Amino acid sequence: MANESTIDTARNIGPVILLGAPGAGKGTQSKKIVDRYGVPQISTGDLLRDHVARGTELGLEAKAIMARGELVPDRLMYGIVATRLREADCQRGFVLDGFPRTAAQAGWLDAFLKEEVFDKSSEKGSENGSESAEKCPQLVVIQLLVDYNQLLLRLTGRRSCPTCGRVYNIHLQPPLVDELCDLDRSKLVIRDDDRGEVISQRLSAYENQTKPVADYYRRQRRLVAINADRPVEEVTAQIFGVIERHYQDSLLGAGTAQNECQKSESLRSK
Ligand code: AP5
């Protein structure tokens with residue numbers, strides 16, 4: 001059920017990808033998009049952690065890989081992502097947090113979206129005789145750029161509540177009482193992979209395997225890079241701006257990402 005803030009924003013925003021290094025704020029910002037637009041957050045990290053917690057076959061295979069900070073093989077990712085994207089709540093759009101993470105995953109996602117999202121939405125539009133009303137806006141990819149030292153602060157300081165899931169940061173967004181959740185007083189926990197050498201491995205997996213994903217979408221002119229090295233609310237405002245412009249442009253048949261590519265280029269070179 002939509003809350004107050006989603007009432008005038010509940011519409012088909014299409015697929016939104018948040019791309020960024022570990023600690024860039026993908027999870028934090030995904031939740032803001034969920035609150036505003038009433039679309040689901042699809043976090044492949046959360047889906048995998050859920051499999052690990054339930055001890056499924058996939059979870060057993062992924063557990064040791066995630067503990068080392070490496071990427072889970074592509075072949076394991078496609079099934080869980082496809083299953084989740086086929087659920088009914090994804091029809092008005094969704095925000096992908098943590099996927100795609102390799103160029104191969106990005107290619108797979110393009111094919112999946114074409115076949116199961118965009119082609120189907122234009123079929124529906126022509127069945128209804130209305131070209132634009134049912135059409136799903138094209139993919140937009142928002143890259144969150146954050147300085148390396150700030151990423152380390154965010155990852156080493158992250159704590160989360162095991163009861164309600166709220167995320168804190170002991171350096172940047174501390175709870176009112178040390179180590180306790182403000183909402184339910186549960187003792188905060190550290191994520192297993194937020195430790196020393198695992199953090200380094202995750203950051204290097206990002207450099208080597210996920211940065212090419214940004215290049216992939218830049219070549220398609222779908223990438224909008226923003227400065228995410230700012231307070232949470234400022235980053236959220238930039239993201240909402242990109243989504244709104246993308247939505248308006250998609251009604252007119254233009255592409256926000258195309259229009260914003262040049263701005264991203266200058267940010268990237270800073
Ligand atoms: P995943 O769970 O996706 O982790 P990640 O990408 O490493 O990202 P994080 O969750 O660490 O960071 P985030 O960007 O969401 O930041 P957050 O908002 O929490 O993946 C975990 C593992 O699963 C991977 O290592 C891999 O093994 C596997 N996996 C997942 N997807 C996969 C895929 N597609 N293919 C293969 N393997 C896959 O913020 C971090 C901290 O910073 C918090 O404390 C927060 O409070 C703080 N913060 C956030 N924004 C700000 C701000 N603007 N100012 C100050 N503090 C901030």
Side-chain angles (χ1 to χ4, degrees), residues 17-34 41-52 58-59 61-82 84-85 95-106 108-109 142-147 149-161 165-175 181-182 188-195 197-211 213 226-239:
I17 292 176
L18 291 189
L19 189 65
K26 302 181 295 296
T28 303
Q29 296 300 333
S30 294
K31 288 179 178 62
K32 307 283 183 186
I33 298 174
V34 170
Q41 168 194 12
I42 296 168
S43 156
T44 42
D46 287 347
L47 291 174
L48 288 167
R49 281 184 286 276
D50 177 57
H51 274 272
V52 171
L58 187 150
E61 196 171 340
K63 187 175 179 179
I65 300 169
M66 293 170 76
R68 291 196 298 271
E70 295 166 9
L71 294 190
V72 173
D74 293 340
R75 70 184 158 79
L76 293 181
M77 300 309 301
Y78 300 148
I80 56 171
V81 174
R84 182 64 188 89
L85 291 181
V95 50
L96 275 169
D97 156 10
F99 189 92
R101 249 176 156 101
T102 61
Q105 290 181 11
W108 175 89
L109 182 67
I142 305 175
Q143 185 184 26
L144 308 180
L145 297 175
V146 178
D147 169 78
N149 290 327
Q150 172 73 5
L151 288 177
L152 289 181
L153 265 186
R154 290 189 187 182
L155 292 168
T156 55
R158 175 165 48 191
R159 301 287 183 276
S160 55
C161 173
R166 184 162 175 178
V167 178
Y168 297 86
N169 191 289
I170 56 168
H171 310 300
L172 306 160
Q173 295 158 330
C181 177
D182 294 350
L188 302 178
V189 294
I190 303 180
R191 218 168 87 176
D192 285 346
D193 58 356
D194 276 348
R195 297 169 202 272
E197 69 291 0
V198 185
I199 291 180
S200 313
Q201 175 54 43
R202 286 163 62 204
L203 290 169
S204 87
Y206 177 77
E207 279 297 315
N208 300 325
Q209 289 166 277
T210 308
K211 275 220 172 140
V213 175
I226 64 168
N227 178 5
D229 218 339
R230 306 287 311 154
V232 172
E233 301 69 32
E234 284 184 33
V235 179
T236 307
Q238 292 183 71
I239 291 175

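Quantities reported herein were computed from a predicted structural model and do not represent experimental measurements. Counting convention: from 1, in listed order, for ligands and their atoms alike.
Residue E234 places every heavy atom at 4.0 Å or more from ligand 1. Ligand 1 has L48 within reach: a non-hydrogen atom of the residue lies less than 4.0 Å from it. Contact between A24 and ligand 1 is present, with at least one heavy atom of the residue lying under 4.0 Å from the ligand. Judged by the shortest distance from any of its heavy atoms, L155 lies inside the 4.0 Å radius around the atoms of ligand 1. Using a non-hydrogen distance threshold of 4.0 Å, G23 registers as a contact of ligand 1. Within the 4.0 Å heavy-atom shell around ligand 1 one does not find Q29. Within the structure, ligand 1 lacks A205 among the residues with a heavy atom less than 4.0 angstrom away. The shell of residues lying under 4.0 angstrom from ligand 1, judged by heavy atoms, includes Y168.
By the 3.5 Å distance cut-off applied to N or O atoms, D194 is not counted among the residues near ligand 1.
Using cut-offs of 30° and 60° on the angle between ring planes, the pair Y78 and W108 is parallel.
Listed by atom number, the atoms of ligand 1 under 4.0 Å from T44 heavy atoms are 30 (C), 31 (N), 32 (C), 34 (N). For ligand 1 and G27, the ligand atoms under 4.0 Å from any heavy atom of the residue are 13 (P), 15 (O), 18 (O). Every atom of ligand 1 is numbered from 1 in the order shown, and the set under 4.0 Å from a heavy atom of R49 is 2 (O), 21 (C). Less than 4.0 angstrom separates some heavy atom of Q105 from each of these atoms of ligand 1: 33 (C), 34 (N), 35 (N), 36 (C).
Among all protein heavy atoms, the one lying closest to atom 26 (C) of ligand 1 is E70 O, 3.5 Å. What sits closest to atom 30 (C) of ligand 1 on the protein, heavy atoms only, is R101 NH1, 3.3 Å. With hydrogens left out, the protein atom closest to atom 45 (C) of ligand 1 is Q173 OE1, 3.7 Å, a heavy atom. Of all protein heavy atoms, the one lying nearest to atom 49 (C) of ligand 1 is T28 OG1, 3.5 Å. In this structure, the protein non-hydrogen atom closest to atom 22 (C) of ligand 1 is M66 CE, 3.9 Å. In terms of protein heavy atoms, atom 16 (O) of ligand 1 is closest to G25 N, 3.2 Å. Of the protein's heavy atoms, V167 CG1, 3.7 Å lies nearest to atom 43 (C) of ligand 1. Nearest non-hydrogen protein atom to atom 13 (P) of ligand 1 is K26 N, 3.5 Å.
The side-chain heavy atoms of K32 and I239, taken from C-beta on, include no pair separated by under 4.5 Å. A 4.5 Å side-chain heavy-atom check between Q173 and V167 finds every atom pair outside the cut-off. For the pair T210/T102, no side-chain contact is recorded, criterion being any heavy-atom separation below 4.5 Å from C-beta on. Inter-residue side-chain proximity for M77 and R101 is flagged as unmet; no heavy-atom pair is nearer than 4.5 Å.
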Open item on the list: Applying salt bridge (Lys or Arg N to Asp or Glu O under 4.0 Å) to D147 and R154, what does each step give before you reach the verdict?
Closed with: CA-CA 11 Å; D147 169 78; R154 290 189 187 182; over 6 Å; no

TODO: Could you go through the side-chain contact (heavy atoms from CB on, under 4.5 Å) check for I80 and L48 one step at a time?
DONE: CA-CA 9 Å; I80 56 171; L48 288 167; 3.9 Å; yes

Open item on the list: Determine whether R202 and D194 satisfy the following criterion, side-chain contact (heavy atoms from CB on, under 4.5 Å), listing intermediate values before the conclusion.
Closed with: CA-CA 9 Å; R202 286 163 62 204; D194 276 348; 2.8 Å; yes

- [ ] Please step through side-chain contact (heavy atoms from CB on, under 4.5 Å) for the pair L85 and L109, ending with a clear verdict.
- [x] CA-CA 10 Å; L85 291 181; L109 182 67; 4.1 Å; yes

- [ ] For L188 and I170, run side-chain contact (heavy atoms from CB on, under 4.5 Å): C-alpha distance rounded to whole Å, both residues' side-chain angles, the deciding distance at 0.1 Å, then the answer.
- [x] CA-CA 10 Å; L188 302 178; I170 56 168; over 6 Å; no

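Here the shortest heavy-atom pairing between G69 and A205 reads O-CB, 4.1 Å.
No option in K26, K31, Q41 other than Q41 meets the side-chain hydrogen bond (donor to acceptor under 3.5 Å, both in side chains) test with D97.
Remark: side-chain polar atoms of Q29 are paired, donor with acceptor, to backbone N or O of V232 under 3.5 angstrom. Side-chain N or O atoms of S160 include none that pairs as donor or acceptor with a backbone N or O of G165 at under 3.5 Å. A donor-acceptor pair is defined here as one N or O able to donate and one able to accept, closer than 3.5 Å; no such pair exists between the side chain of K63 and the backbone of H51.
Counting heavy atoms closer than 4.0 Å to ligand 1, residue P231 contributes backbone atoms (N, CA, C, O) but none from C-beta onward. Counting heavy atoms closer than 4.0 Å to ligand 1, residue V72 contributes atoms from both its backbone and its side chain. Residue-level proximity to ligand 1 for V232 is carried by backbone and side chain together, each with a heavy atom below 4.0 angstrom. Contacts of R154 with ligand 1, taken as heavy-atom pairs under 4.0 Å, involve both backbone and side chain. Contact annotation for A21 and ligand 1: only backbone heavy atoms (N, CA, C, O) come within less than 4.0 Å of the ligand. Counting heavy atoms under 4.0 Å from ligand 1, residue M77 touches it through the side chain alone.
The neighbour count for D182 CG, taken as heavy atoms of other residues, nucleotides or ligands under 6.0 Å away, is above 12.
Distances from atom 40 (C) of ligand 1 to the heavy atoms of R158, Q201, K31 show the closest one on R158.
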